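One structure is given below, encoded as structure tokens.
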Number of protein chains: 2
Amino acid sequence: MTTGGRIDKRQAILDGAFTVFAREGYAQACVQDIARESGVAKPTVYNHMTDKATLFVNALEVAAQTALAERIAALEPLAAPGDDLRATLDEVAHALLRLHTDSRSCALKRLLHSEINHFPDILEIVKESGPDRLNNALADRLARLALAGRLRAADPDLAAEQFMALLLGPLEARSRLGTRTLEDAELRTMAAAAVDAFLRAWATP
Amino acid sequence: MTTGGRIDKRQAILDGAFTVFAREGYAQACVQDIARESGVAKPTVYNHMTDKATLFVNALEVAAQTALAERIAALEPLAAPGDDLRATLDEVAHALLRLHTDSRSCALKRLLHSEINHFPDILEIVKESGPDRLNNALADRLARLALAGRLRAADPDLAAEQFMALLLGPLEARSRLGTRTLEDAELRTMAAAAVDAFLRAWATP
DNA sequence: CCGAATATGAACTCATGGGTTCAACGTAAC
DNA sequence: GTTACGTTGAACCCATGAGTTCATATTCGG
């Protein structure tokens with residue numbers, strides 16, 4: 001039934017679709033371009049997806065799942081933090097910053113924001129693979145640190161939320177809404193500043 | 001030359017344009033609808049603006065200026081903070097949260113993000129009336145507080161950036177990308193949490 | 001090698017909407 | 001009144017692009 005080729009084409013289409021939607025936005029993207037970008041003919045696109053709208057939603061969905069998985073993987077060092085908690089947090093913060101400044105991540109965020117009113121299904125994607133999931137995963141790690149006496153014990157969810165806020169909040173202005181590419185050195189500085197403030201607010205007194 | 005009526009029409013057009021763009025997005029909004037929303041005929045729109053693109057940019061520009069002015073005004077209490085610094089910060093934080101959850105503010109942010117790649121002029125708007133301006137105004141207030149010994153003296157710009165981050169970062173997830181309307185009680189809780197963390201990180205030791 | 005399923009490209013239909021034209025209509029200035 | 005200017009609504013032209021059709025080519029299982 002689903003031959004290998006079919007699955008490959010489907011992946012190629014979803015991938016190419018995200019690329020074009022990311023570059024053009026939903027309305028400005030045309031299916032012809034998506035087909036070209038995917039290395040596929042236009043009728044083939046309609047062979048796999050019923051219309052442009054579902055193509056859009058599906059493309060966003062896989063992009064969101066991929067992004068979430070990468071971000072959660074970046075929390076890994078917190079599972080076995082060394083003696084130097086600050087260094088571990090710096091490392092995780094820097095990795096998260098890199099992932100959040102990636103051009104596909106920025107585009108994903110842009111698309112989710114801009115089309116959320118036209119596509120109710122997008123809300124489901126956000127609940128399924130949005131920042132809440134990442135916050136929860138981070139809260140889990142922080143809770144274990146709190147239990148080990150290395151952080152304040154109060155409300156790991158709030159701690160996670162504020163860690164992410166301190167880290168990502170400054171991003172928007174610094175990157176000029178995703179226009180400017182930030183140097184790695186600048187990312188390290190931002191990560192260090194966020195971790196520093198976070199530890200002042202959340203380290204055990 | 002410019003009779004009173006002309007200016008009124010121009011304002012009405014810019015206002016109606018923002019309303020429709022906010023509801024539909026740039027590409028999906030049609031000039032006919034904008035004309036209807038503004039209580040004006042379609043050729044009148046083209047009488048004031050050369051084309052849809054400049055109409056869009058101008059509408060965004062006035063919306064951004066308005067939003068910035070409101071936000072800077074909300075910092076006013078910090079000019080003469082009472083004995084209770086926390087209470088003053090709570091008040092300002094709450095006011096800022098209300099302004100940032102306003103539906104027009106959310107729409108403005110959405111539009112800036114989603115069309116920044118198609119309209120280079122938007123970058124100018126962001127630099128002119130974007131978060132940097134608000135950060136600077138806040139940093140000024142915080143610098144005076146630091147000078148008065150009520151906050152750490154180091155880097156008021158960073159302090160302002162982190163205050164805004166702690167305040168607005170949690171907003172995105174909580175409001176489900178601007179979909180959910182937040183109750184005033186929830187805004188107060190969020191403001192208090194942000195101020196609490198900010199003071200732990202930035203109060204004089 | 002054959003046959004079924006899928007892919008292809010080109011051409012087609014049709015709806016949408018940006019931008020313009022024009023003749024008729026206020027309306028305010030003098 | 002008349003002159004000048006802005007507004008109006010309707011009709012119009014034209015480009016774009018979603019979605020389909022079909023005849024042909026390709027590919028893969030058996």
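Given the structure is predicted, the values throughout are model-derived calculations rather than measurements. Every chain is numbered from 1, with letters handed out A, B, ... down the list of sequences.
Taking the ring centre of Y26(B) as origin, the terminal cationic atom of K52(B) falls inside the region bounded by 6.0 Å and 45° from the ring axis.
Set against dT6(C), dT8(D), dG19(D), the side chain of N47(A) has dT6(C) as its closest nucleotide. Closest to the side chain of P43(B), out of dT21(C), dG19(C), dA18(D), is dT21(C). Nearest nucleotide to the side chain of C30(A), out of dG9(C), dG9(D), dA18(D): dA18(D). Side-chain atoms of T44(A) lie closest to dT8(C) of the nucleotides dG19(D), dT8(C), dG9(D).
Side-chain N/O atoms of H48(A) include none lying less than 4.0 angstrom from OP1 or OP2 on dT6(C). Phosphate contact (OP1/OP2 of dT21(C), side-chain N/O of K42(B), threshold under 4.0 Å): absent. A sub-4.0 Å separation between OP1 or OP2 of dT27(D) and a side-chain N or O of K9(A) is absent.
Among the heavy atoms of the strands, none lies under 4.0 Å from A53(B). Within 4.0 Å (heavy atoms only), A35(B) reaches no atom of the nucleic acid at all.
Note: CD (Q32(B)) to P (dC12(D)) measures 16 Å, nearest angstrom. Distance I34(A) CD1 to dG17(D) C1': 12 Å, rounded to the nearest Å. Atom CG in D51(B) sits about 16 Å away from atom C1' in dA15(D), given to the nearest Å. We find that CG of D8(A) is positioned 11 Å from P of dA7(C), with the value rounded to whole Å. One can place NZ of K52(A) at 8 Å from C1' of dA18(D), the figure rounded to the nearest angstrom. Straight-line distance from the CZ atom of F21(B) to the P atom of dG17(C): 13 Å, rounded to whole Å. The nearest whole Å value for the distance from the OH atom in Y26(A) to the C1' atom in dG17(D) is 12 Å. Between the CD atom of Q28(B) and the P atom of dG17(D) there is a distance of 13 Å, rounded to whole Å.
With respect to D196(B) and R86(B), a salt bridge is recorded, a charged nitrogen being found less than 4.0 Å from a carboxylate O. D15(A) and R104(A) are joined by a salt bridge, as a carboxylate oxygen and a charged side-chain nitrogen come within less than 4.0 angstrom of each other. Between K109(B) and E172(B) there is a salt bridge, since at least one side-chain N of the basic residue sits less than 4.0 Å from a carboxylate O of the acidic one.
Ring-plane geometry between F56(B) and F119(B) is classed as tilted, the angle between the planes lying from 30 to 60 degrees on a 0 to 90 degree scale.
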